[in-house]
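Okay, so here's the structure we're looking at.
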Amino acid sequence: MPIHGLAEAANPGTKVGKLAPSDIRAAYEDLLQTGGKKKGTALTATKPVENAKETYQRSSKEGAADGMATKMFFAKAPADQSVYALRTADGGALALFPPAHKQESLLKEAYRSNASLVPSKEQSSFGATRGPLITDMFEGQGMAELTPKASRITAVGFQHVDAR
């Protein structure tokens with residue numbers, strides 16, 4: 001419990017409801033990988049959760065390069081895996097977590113003999129070159145509120161950190 005109204009650190013590995021603060025990253029990345037069919041099912045619908053699900057649906061349906069390539073997401077370990085949590089007065093926790101993923105755009109087999117993916121200016125600045133595959137790496141920060149009844153991601157932001 002908070003002492004005299006001051007925040008108190010919580011153990012990131014201790015579950016609050018369905019998830020521990022240290023589980024939030026994997027649950028969020030599941031939204032991008034599967035649309036939330038696995039670990040993401042434990043997350044309450046919020047704007048960041050719905051946005052991630054829409055990204056999965058759009059990439060699954062439309063792919064990349066006007067449908068000539070697939071676009072898939074894969075969870076990856078962030079450079080700093082630290083998760084921070086504060087205990088809330090209601091017994092829940094406020095968590096800060098580091099989401100990170102790899103995004104792969106792969107030219108479909110039928111187009112590989114006569115087409116290439118062309119990297120954007122940003123991708124080129126990281127060293128990505130024209131070819132059948134472009135891999136982008138993203139790392140970010142997220143915040144979640146965990147209570148015994150719900151796990152809510154309230155904010156997520158990413159930085160494009162690499163491309164090949």
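Keep in mind the model is a prediction, meaning the values are calculated, not measured. Atom set for the values below is all heavy atoms of this structure, side chains included, hydrogens, waters and symmetry mates excluded. FYI, the numbering just counts along the sequence from 1.
- Cluster annotation: Ile153 is connected to Phe138 through the hydrophobic network of ILVMFWY side chains, with a link wherever side-chain heavy atoms come within less than 4.5 Å.
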Quick one: side chains of residues 61-85, donor-acceptor pairs under 3.5 Å with protein atoms, not counting sequence neighbours, listed by atom name and distance.
from, atom 1, to, atom 2, distance (Å)
Thr70, OG1, Leu106, O, 3.4
Lys76, NZ, Glu139, OE2, 3.1
Asp80, OD1, Ser82, N, 2.9
Asp80, OD1, Ser82, OG, 2.6

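- Tyr56 shares a hydrophobic cluster with no other residue; no ILVMFWY side chain has heavy atoms under 4.5 Å from its own.
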Enumerate donor-acceptor pairs with a distance under 3.5 Å from any side-chain N or O in residues 124-137 to protein atoms, sequence neighbours excluded.
from, atom 1, to, atom 2, distance (Å)
Ser124, OG, Ser120, O, 3.0
Ser125, OG, Glu122, O, 2.6
Asp136, OD1, Gln123, NE2, 3.1
Asp136, OD1, His160, NE2, 2.9
Asp136, OD2, Gln123, NE2, 2.9

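- Put simply, Leu96 and Leu94 are part of the same group of oily side chains (I, L, V, M, F, W, Y) that touch within less than 4.5 Å, one to the next.
- Between the CG atom of Leu31 and the OG1 atom of Thr41 there is a distance of 9.5 Å, given to the nearest 0.5 Å.
- Within a 6.0 Å sphere centred on NZ of Lys37, other residues, nucleotides and ligands contribute more than 12 heavy atoms.
- What you find for Glu29 and Pro99 is that their closest heavy atoms are OE2-CB, 3.3 Å.
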* Take Phe97 and Asp23 through the test side chain to side chain contact (heavy atoms under 4.5 Å, CB included) and record every step on the way to the result. => CA-CA 9 Å; Phe97 66 98; Asp23 298 330; over 6 Å; no

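- Distance alone, capped at 3.5 Å, places no donor-acceptor pair between the Thr147 side chain and the Gly92 backbone.
- A 4.5 Å side-chain heavy-atom check between Thr44 and Val49 finds every atom pair outside the cut-off.
- Closest approach of Pro12 to Ala20, counting heavy atoms only: O-CB, 3.5 Å.
- Here the closest heavy-atom approach between residue Phe158 and residue Ala100 is recorded as CE2-N, 4.3 Å.
- Looking at Thr46, its side chain never comes within 3.5 Å of a backbone N or O of Thr154 through a donor-acceptor pair.
- In the displayed structure, Glu54 atom CD is contacted under 6.0 Å by more than 12 heavy atoms of other residues, nucleotides or ligands.
- With values rounded to the nearest 0.5 angstrom, Arg25 atom CZ is found 12.5 Å from Asp30 atom CG.
- The side-chain heavy atoms of Ile24 and Leu43, taken from C-beta on, include a pair separated by under 4.5 Å.
- No more than 12 heavy atoms of other residues, nucleotides or ligands shown are found within 6.0 angstrom of NZ on Lys18.
- In this structure, Gln33 CD and Lys102 NZ are separated by 10.0 Å, a value rounded to the nearest 0.5 Å.
- Nearest heavy atom pair, residue Ala26 against residue Lys39, reads CB-CD, 3.8 Å.
- Here Glu109 pairs with Arg112 in a salt bridge; the nearest charged N to carboxylate O distance falls below 4.0 Å.
- Nearest heavy-atom pair, Ala10 versus Arg87, reported as atom, atom and distance to 0.1 Å: CB-N, 3.8 Å.
- The minimum heavy-atom distance between Ala115 and Leu107, with the atom names listed, is O-CD2, 3.1 Å.
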